[in-house]
Amino acid sequence: MASKEPSTDKSIWGKNSGWKYSVATRYILFLLLALLFYISLASKLLPERYDIQVNTKSEKNIVSPVQIEDSKATLKAQEAAAESVQPIYPLVPLRNDVLVTQILDRIERLNQDVDISSSEKVGIYRNEIPRMAKEFVQNFVSANSTNEAYSKELLDEMQRVIEEQTYRIPEETFIKLPRLNSEDIIEMKSVAREIVSRLMLNEIFDAQTARARVAEMVSTSRLDDRTSREVVQELSRLAITPNKFLDEVATKEARVEKRENTPPVFIKQGDILVAKGQLITPELYELLGKNGLLKDEVNYWPELGVLLLSALLSLGILMFIRQSDPGKFKYNNSQLLMLLLVYVITLITMHLTAFLQSDSQIYVGYLAPVAIGAILVTLLLETSLAYFSVIIFSIMASVILNVRGELFDFQFGLFAAVTSCVAIFSIHRASQRSTMLKGGIMASLFGALIVFIMLLINNDTWTTTETLYSIGFAIAGGLLTAILVIGLMPFFEVTFGILSALKLVELSNPNHPLLRKLLTETPGTYHHSVMVGNLSEAAAEAIGANGLLCRVGSYYHDIGKTKRPIYFIENQNNMENPHDSIEPKLSKSIIVAHARDGVEMLKEYKLPKPIRDIAEQHHGTTFLHYFYHKAVRQAEEQGIEPDFTEDDFRYHGPKAQSKESAIVGIADSVEAAVRSLRKPTVEQVESMIEKIIKGRLDDHQFNDCDLTMKELDIIAKTLKETVMGIFHSRIEYPEDVKRPKPPALSTDETSTASETTATS
């Protein structure tokens with residue numbers, strides 16, 4: 001209810017049902033986060049040691065800390081790799097649509113020659129059309145004989161396969177060709193070219209399969225003439241050929257390359273030296289001892305310490321989110337799952353970098369894209385949570401990238417903290433994809449700077465080569481961070497339905513097909529949508545809602561009006577209002593349909609759900625007073641009882657489910673109502689805004705969103721100030737001399753003004 005202030009716990013954790021708001025699921029996610037920390041830390045802080053004796057069986061698998069090349073396994077792996085290479089069938093772009101165009105061009109020219117009889121033309125077509133198809137392939141072979149992309153064997157194989165699968169045009173088709181006129185052929189060209197192009201986009205081994213689809217595509221084309229359809233069908237089948245052919249040379253080369261590039265097989269670090277249940281011989285015992293894998297007694301205290309540290313880090317995230325401002329954090333389990341995934345990706349990149357490190361190449365650790373997690377949290381969730389995550393990432397980096405033998409390596413921790421904070425500073429107000437690159441570059445520069453500072457402090461332990469490598473890897477790590485973030489952002493946006501600021505800015509581009517359609521077909525609605533965007537953004541930002549979402553949602557909220565633009569008054573330039581000549585019920589159906597039509601169009605163009613929700617919900621289930629009273633008046637004039645109720649003249653809803661949808665709906669009505677006034681005064685504008693909000697509140701339109709009475713007051717005040725700024729040239733400001741107060745519009749009059757523009 002709009003009149004109640006939502007509690008922090010409810011607004012964050014338990015308002016809705018389903019797995020996204022399940023308390024059990026939420027704590028499972030935090031347990032998984034603690035488990036992730038434990039696994040990451042244990043691999044570094046808990047070197048595996050075994051309490052075993054000679055001539056006893058091993059109770060567990062014992063892995064190797066070193067790697068030894070296995071020559072027999074290497075040879076076997078090379079042969080298996082070569083055999084695993086599948087025959088290569090490259091795709092050859094033949095452009096068969098050009099062939100069908102050439103054939104139809106020839107038919108058009110020959111049919112225009114009145115000196116040649118129809119029977120002669122049939123004979124010419126019978127000989128020339130198959131020859132054109134054959135020459136088309138030969139010309140392709142000749143043109144690409146020197147092309148390194150196509151070996152001679154491949155071109156020969158292509159000719160052989162195409163010749164084997166050549167299509168034979170029926171005799172009756174040749175007889176029909178002289179009957180075609182130029183108009184028929186022009187229409188046939190586009191249809192045939194489209195059919196051939198679409199089918200040849202697929203990988204075709206057997207042309208017969210593709211040709212079987214031609215009849216169906218022709219039947220659904222715009223061709224009406226039976227002869228034209230039959231000719232297009234047969235010529236398209238002729239033009240369609242296989243486009244994937246066996247390349248034996250490339251296959252052999254790939255197998256040789258695969259064999260040569262197969263790495264040697266090692267008993268790698270982590271491979272099993274002693275299997276569970278295997279007898280420990282003196283030789284194995286000595287090998288285990290040399291590699292530090294034996295211990296006199298089992299000690300579980302280190303494990304407990306790592307477990308407690310992992311739990312503490314996970315608990316820290318939990319408490320930070322729970323105690324944050326509910327106006328900023330409204331995370332459901334889907335977003336927490338996304339947070340977990342960000343941590344997984346960040347820690348995996350650290351471990352992959354650590355795998356490349358060695359005692360002699362410690363500086364490789366600076367290649368780790370440690371800032372990737374902070375950037376993703378900033379862009380996808382919230383900046384303050386990103387700063388808190390920097391603390392955790394710094395702790396994890398100081399452990400995972402540590403190869404010195406200490407418990408923590410503060411150098412990598414400091415490196416992670418500096419680069420992550422700088423990246424957040426650079427991208428926390430990101431509005432373009434290029435900002436992510438900027439964040440990576442800034443992380444590179446400051447990462448190199450902090451590395452250089454640490455090298456200056458410890459200059460006696462680093463050589464010139466190591467210094468250059470350290471700075472170079474730090475710069476490369478920042479650039480790698482930008483590349484990974486740019487690549488991962490679309491994945492998170494699509495998978496989790498995230499509507500980031502970057503995505504919203506992209507959708508606000510006037511060159512978007514829907515916005516271009518709105519501008520060209522309904523310029524009045526476009527201008528209205530822009531004005532609503534200005535109003536709603538200001539109101540949303542005043543109460544801490546997503547102002548950019550309101551603005552972009554406003555741009556698309558009336559896109560459904562492009563289906564029937566003349567039925568909305570802002571698009572009626574010097575023309576009669578069509579609603580004056582149709583029944584009120586029909587007018588109502590047309591008006592309310594624009595919300596549903598808009599949602600369908602937005603789905604067709606795959607716009608994100610929050611944008612679609614605004615288009616669907618900005619009217620809620622509001623009442624169309626004007627058309628209802630018009631229908632009542634007509635019934636009274638006809639002396640009949642109305643066969644309708646007020647509910648028949650309401651939008652289908654649903655009511656606004658979010659603050660943003662409700663704000664756009666209010667701004668929509670306010671803009672329409674103010675525009676309907678000829679010379680509005682400040683008092684009229686203020687009164688109108690209050691009545692619109694009160695009317696929606698009394699109509700229970702805010703029951704399903706979290707707007708409070710305080711927020712509604714702020715929205716009303718902000719809208720008044722914004723309207724006065726936008727419409728300043730039209731508003732008469734009161735002077736010191738007291739003037740008669742103009743009559744305030746009634747609620748019905750306000751609604752009528754809004755309805756006539758179909759935006760209230």
Side-chain angles (χ1 to χ4, degrees), residues 518 521-522 524-525 528-529 532 556-603 612-656 661 664-666 668-673 675-676 691-692 695-701 703-704 745-760:
L518 189 68
E521 298 181 9
T522 57
T525 300
H528 159 74
S529 299
V532 173
Y556 293 92
H557 81 289
D558 275 343
I559 192 67
K561 291 183 178 180
T562 58
K563 290 288 186 71
R564 305 172 188 85
I566 64 171
Y567 287 92
F568 301 91
I569 197 168
E570 68 266 26
N571 302 312
Q572 298 169 6
N573 296 324
N574 300 322
M575 63 177 293
E576 294 183 359
N577 191 336
H579 290 289
D580 296 338
S581 57
I582 62 177
E583 291 294 324
K585 290 184 180 180
L586 179 57
S587 295
K588 180 271 302 183
S589 298
I590 294 173
I591 296 300
V592 301
H594 85 273
R596 181 184 66 252
D597 293 338
V599 173
E600 292 175 355
M601 294 176 67
L602 295 175
K603 283 184 178 179
R612 302 200 307 266
D613 288 343
I614 289 177
E616 184 179 26
Q617 300 167 11
H618 71 280
H619 285 300
T621 58
T622 52
F623 180 47
L624 281 76
H625 295 79
Y626 177 81
F627 293 113
Y628 172 75
H629 291 305
K630 181 179 178 181
V632 172
R633 186 169 59 253
Q634 288 184 359
E636 291 176 351
E637 291 174 354
Q638 297 172 7
I640 60 176
E641 287 292 329
D643 58 349
F644 52 83
T645 64
E646 291 187 3
D647 290 339
D648 296 327
F649 283 81
R650 286 186 176 273
Y651 281 93
H652 301 307
K655 297 177 182 179
S661 295
V664 172
I666 295 171
D668 186 27
S669 297
V670 168
E671 197 280 336
R675 184 153 43 87
S676 68
K691 289 181 179 180
I692 288 174
R696 292 207 170 204
L697 185 62
D698 293 341
D699 199 23
H700 307 292
Q701 295 299 317
N703 284 15
D704 295 341
L745 289 176
S746 66
T747 303
D748 287 350
E749 290 172 330
T750 302
S751 300
T752 299
S754 303
E755 289 162 14
T756 55
T757 58
T759 55
S760 67

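Source: prediction; values computed, not measured. Heavy-atom basis, side chains included; hydrogens, waters and symmetry copies ignored.
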### Query
So do the side chains of Leu518 and Tyr556 get within less than 4.5 Å of each other, counting heavy atoms only?
no
### Task
Please tell me if the side chains of Met601 and Lys563 come closer than 4.5 Å, counting only heavy atoms from C-beta onward.
yes
#### Entry: Validation row: Pro565, Glu521 side chains within 4.5 angstrom (heavy atoms)
no
### Query
Quick one: do the Thr621 and Gln701 side chains pair a donor with an acceptor below 3.5 Å?
yes
### Task
On the 0 to 90° scale, with breaks at 30° and 60°, tag the His594-Tyr651 ring pair as parallel, tilted or perpendicular.
perpendicular
#### Entry: Ion pair Asp699/Lys655, N-O distance below 4.0 Å
no
#### Entry: Salt bridge present between Glu671 and Arg675 (N-O < 4.0 angstrom)
yes
### Query
Can the ring centroids of Tyr628 and Phe623 be said to lie less than 6.0 angstrom from one another?
yes
### Query
If you measure from OG1 on Thr622 to CZ on Phe649, what distance do you get to the nearest 0.5 Å?
13.5 Å
### Task
May I have the step-by-step check of side chain to side chain contact (heavy atoms under 4.5 Å, CB included) for Ser669 and His619, ending in yes or no?
CA-CA 9 Å; Ser669 297; His619 285 300; 5.9 Å; no
### Query
Rounded to the nearest 0.5 Å, how far apart are NZ of Lys630 and NZ of Lys585?
13.5 Å
### Task
Answer yes if the ring centres of His557 and His528 are under 6.0 angstrom apart, and no otherwise.
yes
#### Entry: Interatomic distance, Asp668 atom CG to Ser529 atom OG [nearest 0.5 angstrom]
8.0 Å
### Side-chain donor/acceptor of Lys561 to backbone N/O of Thr525, under 3.5 Å
no
### Query
So, the side chain of His629 versus the backbone of Tyr626: is there a donor-acceptor pair under 3.5 Å, distance only?
no
### Query
So do Asp558 and Thr522 actually touch side chain to side chain, heavy atoms under 4.5 Å?
no
### Message
When you measure from the side chain of Asp648 to the backbone of Thr645, do you find a donor-acceptor pair of N or O atoms at a distance under 3.5 Å?
### Response
yes
### Message
Show the nearest heavy-atom pair for residues His618 and Val664, with the distance to one decimal.
### Response
CB-CG1, 4.2 Å
### Message
Can you give me the closest heavy-atom contact between Gly598 and Ile559, atom names plus distance?
### Response
CA-CG2, 3.5 Å
### Query
Is there a side-chain contact between His652 and Val592 (heavy atoms, below 4.5 Å)?
yes
#### Entry: Short N-O contact, Arg564 and Asp597, less than 4.0 angstrom
yes
### Query
With Ser661, which residues qualify under side chain to side chain donor-acceptor pair (under 3.5 Å), at least two apart?
Gln617, Ser658
#### Entry: Point-to-point distance, once rounded to the nearest 0.5 Å, from CG of Leu697 to NZ of Lys691
16.0 Å
### Task
Search all heavy atoms of Ile591 against all heavy atoms of Tyr567 and return the closest pair with its distance.
CD1-O, 3.9 Å
### Query
So, do Phe627 and His579 have ring centers that fall under 6.0 Å from each other?
yes
